[in-house]
Amino acid sequence: MNTAPFTQLQVFLAVARLSSFSNAARELGVSTPAVSQAVRQLEAQLRVVLLTRTTRSVALTDAGRRLVEGAGPALGQAIAALAQASAQPGEVVGRVRLSVPRAAVPYVITPVLPTFRARHPRVEVEVVVEERFVDIVAEGYDAGVRLSEAIERDMVQVRLTDAFRFVVVGSPDYLARHGTPLRPEDLLRHECVTFRTGTTGAIYAWELERGRKNWRVPVRGGVVTNTSQLSVSLAEQGMGLAYAFEPMVEEPLRAGRLKRVLEPYSPTVPGFFLYFPSRAQRSPALRLFVDTARELAARSA
C-alpha cells in the first residue's frame, strides 16, 4: 500500500491549520522545503491547487477548504486511534485543541484544566487564545468557546457559565470630572476605551438594550485595544469608560475602583458555551473533556 498520500495529507493539514509552511515544518520536525514539496506532490496527485501562496500569507482555495473539512476530522480520529492502541485498558490517550477568547479563560478554562489533566494525564490539551471568530473545522480545532449567539446553528453546544450582563463602567474620578451618562446617546460625548475586533478589524459599537429597544453606539476615544482586560484596567485609572462583561469587573466594582453607569440599559447574554461539530463527539478525548467541563459547570452553578 502506498502511504505517501496520507503523509502528504497530514503535512497539508498542518500548513492549513497554521497558515504557514515554516510553522508546519517546525511542528512536524522537518524542513520547510520538505513541507512545500509534500504539498506540491499532493496537489499534483489531486490535480487541483489547495493553497494560494504569497510572500506574506498562505490561504486555502475552495478545493483546499473542502479537503480540510472532509479529511481533517477523519485523519485526527485515525491518529487518535493509533495513540489509543498503545493505551492501557480503560485509559484514553489523545489530544484536544481548543479555540478560546481571552475573556473566557479565567471562567471556563482555568477551572476545568487542573481537574481534567489530573483525571486524564495522557490527554494533551492545547488552548489557543484569540479574539477573532474562528472556523474551528477549517482550522483544525476540536472545539471552541463562544457566547451562544455567535455559534453556528449546526454545532453542538454545552453550557459553561450562567447568563451574565455586559456593563458600562467608569472610575469615580472620571465620572466626577466628566459627569455620568444617563442615556445611550450620552456615550458619544464621553471618552471611551474602544475595542477593535480581530475578525473584521472594525471598532466595536457598544450594544445596549432596554425592554424591546436596542442601541449600537459607535463610541470613540483616544485608546483602541483588542483586549477587554486592558480596557477595564485603563478605566480604573480614569482614562475613560469601558464596556465589559460583568463577571470581569466584579472585584473592582466591589472595591469601589469602578462604578456601573447606564445600568438599566445593560444587555444580558446567555453565557459562554463550549461548541463542536456533532461528528467530533466520536473522539474519546474530546468526549471526556466535554464531560468534565459539563460536570464542573453544573457544580459551580
Side-chain angles (χ1 to χ4, degrees), residues 98-112 127-136 141 143-170 181 183-185 187 192-219 225-233 235 241-254 258-277 290 293-294 296-301:
L98 305 170
S99 170
V100 183
R102 184 175 286 107
V105 170
Y107 307 97
V108 302
I109 296 300
T110 304
V112 173
V127 180
V128 179
V129 179
E130 48 199 343
E131 299 297 346
R132 63 189 179 92
F133 285 151
V134 174
D135 184 335
I136 60 171
Y141 292 96
V145 173
R146 282 187 194 171
L147 297 174
S148 177
E149 63 266 27
I151 299 174
E152 296 86 348
R153 298 195 176 196
D154 60 347
M155 293 285 177
V156 179
Q157 300 184 32
V158 175
R159 176 179 288 280
L160 297 176
T161 70
D162 290 334
F164 52 77
R165 298 190 306 172
F166 276 88
V167 293
V168 180
V169 294
R183 299 174 300 173
E185 50 268 33
L187 292 172
C192 298
V193 184
T194 57
F195 178 85
R196 188 181 301 279
T197 65
T199 305
T200 66
I203 301 295
Y204 175 70
W206 292 2
E207 299 180 62
L208 302 171
E209 66 180 35
R210 188 170 190 176
R212 296 185 178 180
K213 191 170 182 181
N214 298 283
W215 290 261
R216 287 180 58 85
V217 185
V219 295
T225 180
N226 67 342
T227 166
S228 300
Q229 285 85 344
L230 178 57
S231 65
V232 170
S233 176
L241 302 176
Y243 183 86
F245 72 99
E246 202 162 22
M248 179 186 294
V249 292
E250 281 181 350
E251 194 278 328
L253 286 171
R254 190 165 47 247
L258 288 175
K259 290 185 175 182
R260 298 178 188 85
V261 299
L262 296 170
E263 193 164 5
Y265 299 90
S266 297
T268 298
V269 295
F272 284 118
F273 287 72
L274 185 72
Y275 70 101
F276 47 89
V290 170
R294 183 185 281 121
L296 294 181
R299 190 183 302 172
S300 64

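- Judged purely by atom type and a 3.5 angstrom limit, Arg159 uses its side chain to pair as donor or acceptor with the backbone of Pro270.
- With hydrogens and angles ignored, the 3.5 Å screen pairs no side-chain donor or acceptor of Arg102 with any backbone N or O of Ser228.
- A distance of 9.5 Å separates CZ in Arg196 from CG in Asn226, rounded to the nearest 0.5 Å.
- For Ala235, the side chain to side chain contact (heavy atoms under 4.5 Å, CB included) criterion is met by Ala242, Leu258, not counting sequence neighbours.
- Among residues two or more places apart in sequence or in another chain, the salt bridge (charged side-chain N to carboxylate O under 4.0 Å, His left out) test is passed with Arg210 by none.
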Name the atoms and distances for all side-chain donor-acceptor pairs under 3.5 Å in residues 163-170, with sequence neighbours left out.
unit_1, atom_1, unit_2, atom_2, d
Arg165, NE, Glu246, OE1, 3.0
Arg165, NH2, Glu246, OE2, 2.9
Arg165, NH2, Glu263, OE2, 2.9

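- With sequence neighbours excluded, no residue forms a side chain to side chain contact (heavy atoms under 4.5 Å, CB included) with Arg212.
- The distance from atom OG1 of Thr268 to atom CG of Asp162, rounded to the nearest 0.5 Å, is 12.0 Å.
- From Arg183, atom CZ reaches atom CG of Leu262 across 10.5 Å, with rounding to the nearest 0.5 Å.
- Residues Leu241 and Trp206 meet the side-chain proximity criterion, which asks for heavy atoms closer than 4.5 Å.
- Once rounded to the nearest 0.5 Å, the distance linking OG of Ser266 with CZ of Phe245 reads 14.0 Å.
- By the side-chain hydrogen bond (donor to acceptor under 3.5 Å, both in side chains) test, Thr227 is found to be paired with Gln229, residues two or more places apart in sequence or in another chain being considered.
- Looking at residues two or more places apart in sequence or on another chain, you find no side-chain hydrogen bond (donor to acceptor under 3.5 Å, both in side chains) involving Ser231.
- The side-chain hydrogen bond (donor to acceptor under 3.5 Å, both in side chains) check on Glu185 picks up nothing, with sequence neighbours excluded.
- Here Ala104 pairs with Val100, Pro101, Val108, Val145, Phe272 under the side chain to side chain contact (heavy atoms under 4.5 Å, CB included) rule; sequence neighbours left out.
- Here Phe276 contributes atom CZ and Ser99 contributes atom OG; the two are 15.0 Å apart, rounded to the nearest 0.5 Å.
- In terms of the side chain to side chain contact (heavy atoms under 4.5 Å, CB included) criterion, Pro111 has no residue partners (sequence neighbours excluded).
- Note that CH2 of Trp215 is 7.5 Å distant from CG of Leu208, once rounded to the nearest 0.5 Å.
- Residues Tyr275 and Ile136 form a side-chain contact, since some pair of their non-hydrogen atoms from C-beta on lies under 4.5 Å apart.
- When all heavy atoms of Ala103 and Met248 are compared, the pair lying nearest together is CB-CE, 3.8 Å.
- Listed by chain and residue number, Glu130 satisfy the side-chain hydrogen bond (donor to acceptor under 3.5 Å, both in side chains) test with Tyr141 (two or more places apart in sequence, or in another chain).
- Looking at residues two or more places apart in sequence or on another chain, you find a salt bridge (charged side-chain N to carboxylate O under 4.0 Å, His left out) between Glu207 and Arg216.
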